[in-house]
Participant: 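Starting off with a structure, shown below.
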Amino acid sequence: MTTRNTLRFATIAACSALLPAHAHHSYGMFDQCTPTALEGEISNVEWVNPHIEIYLRTQDVANYRIEWYSLLQLQREGIAPETLKAGDRVTITGHAMRDPSLKVLSLLSQIRRSSDDWTWTQ
């Protein structure tokens, strides 16, 4: 490899490292044909990568993990860490895993907080 090619490769590699990483995974484990709406109280919201995670306690005392969008996507929409917090009563619509015992919801289409009718829609 010539010096010029080495320099080109190093420049491309350095620039690629500066781009935001996008996590890609399959949603094949989710039932994408049947939307599910869960109503309950948020017990915790974790602003972590690759997805914001909301933990929801439903009326039947089940605890669900909700995969929202990425930090960057939500920040671009004006969503901040104080938007949703523990204690908020919400209805979240998305798609559940095919194995219901795992209690995970993803591919969200709507979140609605009943106290002030705040709504996020995909």
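Note: hydrogens, waters and symmetry copies are ignored here, and every other heavy atom, side chains too, is used. Index from 1, following the sequence.
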Participant: Closest heavy-atom contact between Glu67 and Leu108?
Facilitator: O-CG, 3.6 Å

Participant: Go through the steps to decide whether Tyr55 and Asn63 satisfy the test side-chain contact (heavy atoms from CB on, under 4.5 Å), and finish with yes or no.
Facilitator: CA-CA 7 Å; Tyr55 293 89; Asn63 292 304; over 6 Å; no

Participant: Where do Ala96 and Leu105 come nearest, in terms of heavy atoms and distance?
Facilitator: N-CD1, 3.5 Å

Participant: Would you please say whether a donor-acceptor pair under 3.5 Å links the side chains of Thr93 and Gln110?
Facilitator: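 Note: Thr93 and Gln110 side chains miss the donor-acceptor criterion.
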
Participant: What is the minimum heavy-atom distance between Trp68 and Ile54, and which atoms define it?
Facilitator: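 So the minimum-distance heavy-atom pair works out to CE3-CD1, 3.8 Å.
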
Participant: Do Ile79 and Val90 belong together in a cluster built from hydrophobic side chains that touch within less than 4.5 Å?
Facilitator: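 In one cluster: yes.
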
Participant: State, to 0.1 Å, how close Cys33 and Pro35 come at their nearest heavy-atom pair, and which atoms those are.
Facilitator: O-CD, 3.6 Å

Participant: Would you say Leu71 ends up clustered with Ile66 if hydrophobic residues are merged whenever their side chains have heavy atoms under 4.5 Å apart, either directly or through other cluster members?
Facilitator: yes

Participant: Measuring from atom OG1 of Thr34 to atom CZ of Arg98, what distance do you get when rounded to the nearest 0.5 angstrom?
Facilitator: 9.0 Å

Participant: Roughly how far, to the nearest 0.5 Å, is the OG1 atom of Thr91 from the CD1 atom of Ile111?
Facilitator: 10.5 Å

Participant: Roughly how far apart are Asp116 CG and Asp88 CG, rounded to 0.5 Å?
Facilitator: 8.0 Å

Participant: Minimum heavy-atom separation for Leu56 to Gly40, with atom names?
Facilitator: CD1-C, 3.6 Å

Participant: As an exercise, state the distance from CG of Leu84 to CD1 of Ile92, rounded to the nearest 0.5 Å.
Facilitator: 7.5 Å

Participant: Indicate the atoms forming the closest heavy-atom contact of Ser43 with Arg57, along with that distance.
Facilitator: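 For Ser43 versus Arg57, the nearest heavy atoms are CB-NH2, 3.3 Å.
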
Participant: How long is the gap from CZ on Arg112 to CZ on Arg89, to the nearest 0.5 Å?
Facilitator: 11.0 Å

Participant: Output the distance between atom CG (Leu102) and atom CZ (Arg65), rounded to the nearest 0.5 Å.
Facilitator: 9.0 Å

Participant: Can you list the residues that meet the ring-ring contact (aromatic ring centres under 6.0 Å, His included) rule with Tyr69, with sequence neighbours excluded?
Facilitator: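 Here the qualifying residues are Trp120.
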
